[in-house]
Amino acid sequence: MKNWNALTSVVEVRALVERSFEVPCVIFKHSTSCSISLLAKYRLEGDWDFEDTELEPYYLDLLQYREVSNFVAEHFEVHHESPQVLLIREGVCTYDSSHLDITVAELHECYNSPV
């Protein structure tokens, strides 16, 4: 898997929204103190098979950047969970999942469905 793009500010989330009109983006909201979150992250990284030009991965440490996490939940109108993955296409969240339901296979399914 390519390196995660860190989300550390609301400005970066707004830039991600704009970027999602060019290439779909995925946000992984991670709690660094949670073993389930760590497992979900390892599974994503281990199974990742998207090309760099297909899907850009973003990482949000929600403990360190709580206000950014709150902004993501509010902006994309999703219930905050941890861990959580959001697929952003054309400025909107088209898929979100949490805990052990987070899989690359699910991302592929949602990535391939129409917006």
Side-chain angles (χ1 to χ4, degrees):
M1 168 179 208
K2 88 179 224 179
N3 292 331
W4 293 100
N5 298 295
L7 287 177
T8 60
S9 71
V10 169
V11 170
E12 291 173 343
V13 175
R14 292 183 196 277
L16 175 151
V17 170
E18 293 304 313
R19 179 72 175 140
S20 74
F21 285 91
E22 297 173 34
V23 61
C25 302
V26 66
I27 300 172
F28 178 67
K29 292 173 56 180
H30 177 53
S31 170
T32 55
S33 67
C34 174
S35 60
I36 292 173
S37 191
L38 185 60
L39 177 59
K41 182 177 180 282
Y42 283 143
R43 285 175 41 184
L44 271 180
E45 292 174 336
D47 295 340
W48 193 263
D49 59 355
F50 286 97
E51 296 294 325
D52 291 348
T53 56
E54 288 182 299
L55 185 64
E56 288 187 2
Y58 290 81
Y59 171 90
L60 173 56
D61 178 341
L62 61 92
L63 296 180
Q64 188 170 359
Y65 300 103
R66 176 60 72 181
E67 76 176 48
V68 178
S69 177
N70 291 340
F71 177 80
V72 165
E74 182 179 314
H75 180 82
F76 294 111
E77 299 178 347
V78 296
H79 180 72
H80 164 76
E81 297 192 68
S82 170
Q84 185 175 34
V85 69
L86 293 83
L87 178 61
I88 312 302
R89 299 189 318 180
E90 298 180 15
V92 298
C93 179
T94 59
Y95 167 77
D96 73 281
S97 187
S98 67
H99 295 82
L100 297 181
D101 289 335
I102 298 171
T103 66
V104 170
E106 283 288 319
L107 279 174
H108 271 288
E109 187 175 321
C110 294
Y111 175 87
N112 291 319
S113 64
V115 176

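Below, all heavy atoms of this structure are taken into account, side chains as well, without hydrogens, waters or symmetry copies. What you see is a predicted model; the values in this text were computed from it and never measured.
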Walk me through it: do L44 and L107 pass the test side-chain contact (heavy atoms from CB on, under 4.5 Å)? CA-CA 10 Å; L44 271 180; L107 279 174; 3.9 Å; yes
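- Other members of the cluster containing L63 are L62, with ILVMFWY side chains joined at under 4.5 Å, either directly or via other members.
- Taking the side chain to side chain contact (heavy atoms under 4.5 Å, CB included) definition, one finds that E51 meets it with T53, E54, sequence neighbours left out.
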Verdict with supporting geometry, R43 and I102, side-chain contact (heavy atoms from CB on, under 4.5 Å): CA-CA 8 Å; R43 285 175 41 184; I102 298 171; over 6 Å; no
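- Note that CZ of R89 is 11.5 Å distant from SG of C25, once rounded to the nearest 0.5 Å.
- Residue K29 is tested with V72, V68, L7 for a side chain to side chain contact (heavy atoms under 4.5 Å, CB included); the sole match is V72.
- Here L39 is tied into one hydrophobic group with I36, L100, each link being a pair of ILVMFWY side chains closer than 4.5 Å.
- Every residue meeting the ring-ring contact (aromatic ring centres under 6.0 Å, His included) condition with F71, not counting sequence neighbours, appears here in chain and number order: H75.
- For the atom pair L86 CG and Y58 OH, the distance stands at 14.0 Å (nearest 0.5 Å).
- Taking every heavy atom of both residues into account, W4 and K41 meet most closely at NE1-CE, 3.9 Å.
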Begin with the C-alpha distance, continue with both residues' side-chain angles, and end with the deciding distance and a verdict on side-chain contact (heavy atoms from CB on, under 4.5 Å) for C110 and T94. CA-CA 8 Å; C110 294; T94 59; 5.6 Å; no
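- Under the 4.5 Å side-chain heavy-atom criterion for grouping Ile, Leu, Val, Met, Phe, Trp and Tyr, L55 is not connected to I88 through any hydrophobic cluster.
- By the side-chain hydrogen bond (donor to acceptor under 3.5 Å, both in side chains) test, S31 is found to be paired with S33, residues two or more places apart in sequence or in another chain being considered.
- With rounding to the nearest 0.5 Å, the separation of CZ in F28 from CG in D61 is 10.5 Å.
- Grouping the Ile, Leu, Val, Met, Phe, Trp and Tyr side chains by contacts below 4.5 angstrom, directly or via other members, places I27 with Y65.
- Every residue meeting the side chain to side chain contact (heavy atoms under 4.5 Å, CB included) condition with E106, not counting sequence neighbours, appears here in chain and number order: Y95, T103, E109.
- With sequence neighbours excluded, the residues forming a side chain to side chain contact (heavy atoms under 4.5 Å, CB included) with S98 are E81, listed by chain and number.
- The main-chain N or O of P57 is found under 3.5 Å from a side-chain atom of N5 such that the two form a donor-acceptor pair.
- A salt bridge (charged side-chain N to carboxylate O under 4.0 Å, His left out) check over residues 8-24, counting only residues at least two apart or in different chains, returns the pairs R19-E22, R19-E56.
- Applying the ring-ring contact (aromatic ring centres under 6.0 Å, His included) rule to H80 yields no partners; only residues at least two apart in sequence or on another chain are considered.
- Here CD of Q64 is found 8.0 Å from OG1 of T32. Values are rounded to the nearest 0.5 Å.
- Among residues two or more places apart in sequence or in another chain, the ring-ring contact (aromatic ring centres under 6.0 Å, His included) test is passed with F50 by W48, H108, Y111.
- Evaluation of the side chain to side chain contact (heavy atoms under 4.5 Å, CB included) rule for L38 yields H30, Y42 as partners, not counting sequence neighbours.
- Nearest heavy-atom pair, V92 versus F76, reported as atom, atom and distance to 0.1 Å: C-CD2, 4.4 Å.
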